[in-house]
Amino acid sequence: GCHSHLSWVSDPDQDHNILSELSIGGLSQEFFAMLRRAFISRALPQERLQQMGIKHVKGILLHGPPGTGKTLLARQIGKLLNSHEPKVVSGPEILNKYVGESEANIRALFKEAEEEYQAKGDESDLHLIVFDELDAICRTRAAHQVSPSALDCWCCDTPTNLHARRGWTYSGTMVGDCIVNQLLAKMDGPKALNNILLIGMTNRKDLIDDALLRPGRFEVHIEVKLPDQAGRVEILRIHTAKLLQNGFLGQTVDLGAIAALTQNYSGAEIEGVVKSACSYALSRNMDFSDLRTLGTGPRGVTVTQADLEKGVQ
Ligand code: ATP
């Protein structure tokens, strides 16, 4: 570890090694630079943060098309930051039509982080909470289908006068609402915890209320794009690494050529191509009779260029 501030010089090679362990292909240098800036404050001692008058980033938003590795990335960020096992929930899962249930869901989600924070304060470890389909819980008013009675809360259908009795106010933006209010209180309210990081994911950033994207909230926005040619090669390499390592990949396989055939494919779809290629290779050597002697199939299997090409279709 570096104890003197003089040794805090960033080392791109070191970063490169750590990032290549993430098993995510096609992410740009800018992308990693952005991640570094978002998280680096967590490497500072508490005292230094106070001296500089800065706070940790509490929320980041990963947005981009489906299957581009956002969930994978969120989990890997957890590893990068040495957090507890991330809690991954989907926006729609949090919503519940029964009064109070959605709020209870949110409370349960933060319980562990809260208890640890109460016990250890700023010394406690990071808790990562990942919201898939964040747009489901915090759509802009315009985008949301307003319930027939404008007096019902849009997210839980509770009559808003009930909310008012509980002290929740309706401010005219979506952030007046119960679930979102609760989330924001955990992020930048007076009792906000320092040991949490929220990662929101969405395919529809345009649907998310601006109020959630302000500083102190989901303030870092990172776009995860479909991979380009070089990115697709990286992703193919990641998903054929085991095959290569164990001698199941044909010697003449040209991943560049497969990448060229998979324009506009997402990482998840590229992974699918490799899986499908494996199934072609296996079914060449095996038939249904092998299913009767499960687990004793032929050892010599080769995934060829032709298998990968068929996998693309
Ligand atoms: P969605 O928006 O549909 O939830 P997502 O962006 O969260 O999609 P993931 O669920 O992370 O996508 O992707 C599914 C799987 O596809 C990953 O677990 C991984 O195996 C593979 N994958 C996707 N993108 C990449 C990538 N860039 N590098 C390596 N593998 C990838």
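Counting starts at 1 for both ligands and their atoms, following the listed order.
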For atom 14 (C) of ligand 1, which protein heavy atom lies nearest, and how many Å away is it?
Ala268 CB, 3.9 Å

Output the list of atoms in ligand 1 that are nearer than 4.0 Å to some heavy atom of Leu72, sorted by atom number.
11 (O), 19 (C), 30 (N), 31 (C)

Grouping I, L, V, M, F, W and Y whenever their side-chain heavy atoms are under 4.5 Å apart, do Val57 and Leu80 come out in a common cluster?
yes

Qualifying salt bridge (charged side-chain N to carboxylate O under 4.0 Å, His left out) pairs with a residue from residues 274-284, counting only residues at least two apart or across chains:
Glu271-Lys275, Arg284-Asp307

Any link between Tyr280 and Phe248 through a network of hydrophobic side chains (Ile, Leu, Val, Met, Phe, Trp, Tyr) touching at under 4.5 Å?
no

When Leu134, Val220, Ile199, Thr202 are each screened for side-chain contact (heavy atoms from CB on, under 4.5 Å) with Leu62, the one that passes is Ile199

Starting from atom 25 (C) of ligand 1, what is the nearest protein heavy atom, named by residue and atom, and what distance separates them?
Gly267 CA, 3.7 Å

Which option wins on minimum heavy-atom distance to atom 12 (O) of ligand 1: Gly26, Ser23, Gly69, Gly25?
Gly69

For residues 249-261, run the donor-acceptor check on the side chains, cut-off 3.5 Å, and write out each pair with its distance to 0.1 Å, sequence neighbours left out.
from: Asp254; atom 1: OD1; to: Gly256; atom 2: N; distance (Å): 3.0
from: Asp254; atom 1: OD1; to: Ala257; atom 2: N; distance (Å): 3.3

Heavy-atom pairs closer than 4.0 Å: do any link ligand 1 to the side chain of Glu271, the backbone, both, or neither?
side chain

Would you indicate whether Gln29, at its atom CD, is surrounded by more than 12 heavy atoms from other residues, nucleotides or ligands within a distance under 6.0 Å?
no

Part of Thr71 with heavy atoms under 4.0 Å of ligand 1, whether side chain, backbone, both or neither:
both

More than 12 heavy atoms of other residues, nucleotides or ligands under 6.0 Å from CD of Gln51: is that the case?
yes

Shortest protein heavy-atom distance from atom 2 (O) of ligand 1, along with the residue and atom involved:
Lys70 NZ, 3.0 Å

Considering only non-hydrogen protein atoms, determine which one is nearest to atom 1 (P) of ligand 1 and report residue, atom name and distance to 0.1 Å.
Gly67 N, 3.7 Å

Heavy atom under 4.0 Å from ligand 1: found in His239's side chain, backbone, both, or neither?
side chain

Quick one: look at Asn203 and ligand 1, take heavy-atom pairs under 4.0 Å, and tell me if it's side chain, backbone, both or neither.
side chain

